[in-house]
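Reviewing the structure listed below.
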Amino acid sequence: MAYWVKILYEKKEYLVNFERVSAFCYEKNGRITFWLPDSAIPIVINPQKNLEEYQKILEYIEHVTELQFENAHWVKILYERNQYVINLTCISSFCHEPNGRITFWLPDSSIPVIINPLSNPESYQKVLDYVHKATGHSLN
């Protein structure tokens, strides 16, 4: 079932199926960014300007990260001083480097995400487990 949310952003009204959003970025200043599905358009929600929309996004993020869906594999990753919440089922390629780092790209943006096994061991292991389960291949 689709999870449609109405977002007011920059004097425009968007109706977004959050089940198609592949990642959310939570910045230290409180802003949340997500990219519209099938485009590279970022939507940046500030709690001071868009409190109602901000709460809707937080509720959705809490919903998908607390529940374990059979077909959705959400992971929280600290990257470049921001927290990303990413649905791994939306990622179409992973790169494993000799030093152990894993790189993948968010589908609706050009942002690479790099996970280091030492700085983010829990998320790193979750990515390894997902890749093995989804592809049958091992990255290490």
Side-chain angles (χ1 to χ4, degrees):
M1 188 167 109
Y3 194 99
W4 290 92
V5 176
K6 187 182 290 189
I7 301 285
L8 299 174
Y9 178 68
E10 293 186 346
K11 300 180 182 178
K12 297 177 186 173
E13 185 175 88
Y14 292 87
L15 191 56
V16 181
N17 180 355
F18 271 15
E19 288 183 4
R20 300 270 326 272
V21 174
S22 58
F24 298 89
C25 176
Y26 184 78
E27 300 176 34
K28 287 191 180 223
N29 62 9
R31 294 187 309 190
I32 296 177
T33 301
F34 67 92
W35 295 265
L36 291 178
D38 303 321
S39 77
I41 298 172
I43 302 291
V44 182
I45 302 297
N46 186 324
Q48 289 80 16
K49 294 181 180 179
N50 305 80
L51 185 58
E52 186 176 331
E53 287 80 7
Y54 186 82
Q55 288 298 329
K56 291 175 189 177
I57 295 169
L58 285 181
E59 288 171 12
Y60 181 75
I61 291 171
E62 183 177 320
H63 173 72
V64 296
T65 56
E66 286 185 357
L67 298 176
Q68 290 296 333
F69 292 111
E70 188 173 305
N71 295 323
H73 301 275
W74 289 86
V75 63
K76 291 181 181 179
I77 297 172
L78 294 174
Y79 181 65
E80 293 187 349
R81 296 183 276 161
N82 295 323
Q83 180 178 10
Y84 286 82
V85 180
I86 302 166
N87 184 345
L88 294 175
T89 61
C90 297
I91 306 301
S92 57
S93 63
F94 297 87
C95 175
H96 185 255
E97 299 177 32
N99 64 6
R101 294 187 311 188
I102 297 172
T103 302
F104 57 88
W105 295 262
L106 299 180
D108 296 317
S109 75
S110 61
I111 297 174
V113 176
I114 302 168
I115 303 176
N116 186 310
L118 299 176
S119 62
N120 205 338
E122 186 177 317
S123 295
Y124 184 85
Q125 188 60 50
K126 192 165 187 174
V127 170
L128 287 178
D129 294 345
Y130 170 78
V131 169
H132 187 263
K133 182 178 177 183
T135 68
H137 297 281
S138 176
L139 286 178
N140 51 1

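This one's a predicted model, so the numbers in the text were calculated from it and none came from an experiment.
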Taking side chain as C-beta onward, heavy atoms only, is [X] less than 4.5 Å from [Y]?
X: K49; Y: Y9; answer: no
X: I111; Y: Y84; answer: yes
X: Y79; Y: I115; answer: no

Using 0.5 Å steps for rounding, measure from the [atom1] atom of [X] to the [atom2] atom of [Y].
X: S123; Y: L78; atom1: OG; atom2: CG; answer: 7.5 Å
X: L51; Y: L58; atom1: CG; atom2: CG; answer: 9.5 Å
X: N116; Y: E97; atom1: CG; atom2: CD; answer: 9.5 Å
X: I45; Y: L8; atom1: CD1; atom2: CG; answer: 8.5 Å

[Y] reachable from [X] in the ILVMFWY side-chain graph, under 4.5 Å edges:
X: I91; Y: Y124; result: yes
X: Y14; Y: V21; result: yes
X: I7; Y: W4; result: no

### Query
Is a side-chain N or O of Y54 found less than 3.5 angstrom from the main chain of G30, in a donor-acceptor match?
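Looks like yes, one N/O pair under 3.5 Å.
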### Query
So, Y60 side chain and F18 main chain: donor-acceptor pair closer than 3.5 Å or not?
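Yes: the side chain of Y60 pairs with the backbone of F18.
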#### Entry: Residues that T33 engages under side-chain contact (heavy atoms from CB on, under 4.5 Å), provided they are two or more places apart
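In terms of side-chain contact (heavy atoms from CB on, under 4.5 Å), with neighbours along the sequence ignored, T33 is linked to C25, E27, W35, P42, V44.
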Looking only at heavy atoms, which two atoms of [X] and [Y] are closest? And how far apart?
X: R101; Y: I114; value: CD-CG2, 3.7 Å
X: T89; Y: N87; value: OG1-OD1, 2.6 Å
X: S22; Y: D108; value: OG-OD2, 3.7 Å
X: L88; Y: K126; value: CD1-O, 4.2 Å
X: W74; Y: V64; value: NE1-CB, 3.5 Å
X: Y26; Y: I32; value: CD1-CG1, 3.5 Å

### Task
Just do the side-chain contact (heavy atoms from CB on, under 4.5 Å) check on L139 and F94 with the steps written out, would you?
CA-CA 9 Å; L139 286 178; F94 297 87; 4.1 Å; yes
### Task
Output every pair passing salt bridge (Lys or Arg N to Asp or Glu O under 4.0 Å) with a member in residues 110-125, not counting sequence neighbours, ordered by first then second residue.
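For residues 110-125: none.
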### Query
Would you call the rings of F24 and F34 parallel, tilted or perpendicular if under 30° counts as parallel and over 60° as perpendicular?
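Tilted.
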### Query
Which pairs, with at least one residue in residues 38-48 and sequence neighbours excluded, count as a side-chain hydrogen bond (donor to acceptor under 3.5 Å, both in side chains)?
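Those involving residues 38-48 are R20-D38.
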### Query
Would one find more than 12 heavy atoms of other residues, nucleotides or ligands at under 6.0 Å from atom CD of E52?
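No, because the 6.0 Å sphere around CD of E52 holds 12 heavy atoms or fewer from other groups.
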### Message
Tell me if the NZ atom of K76 is crowded by more than 12 foreign heavy atoms within 6.0 Å.
### Response
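12 or below, so no.
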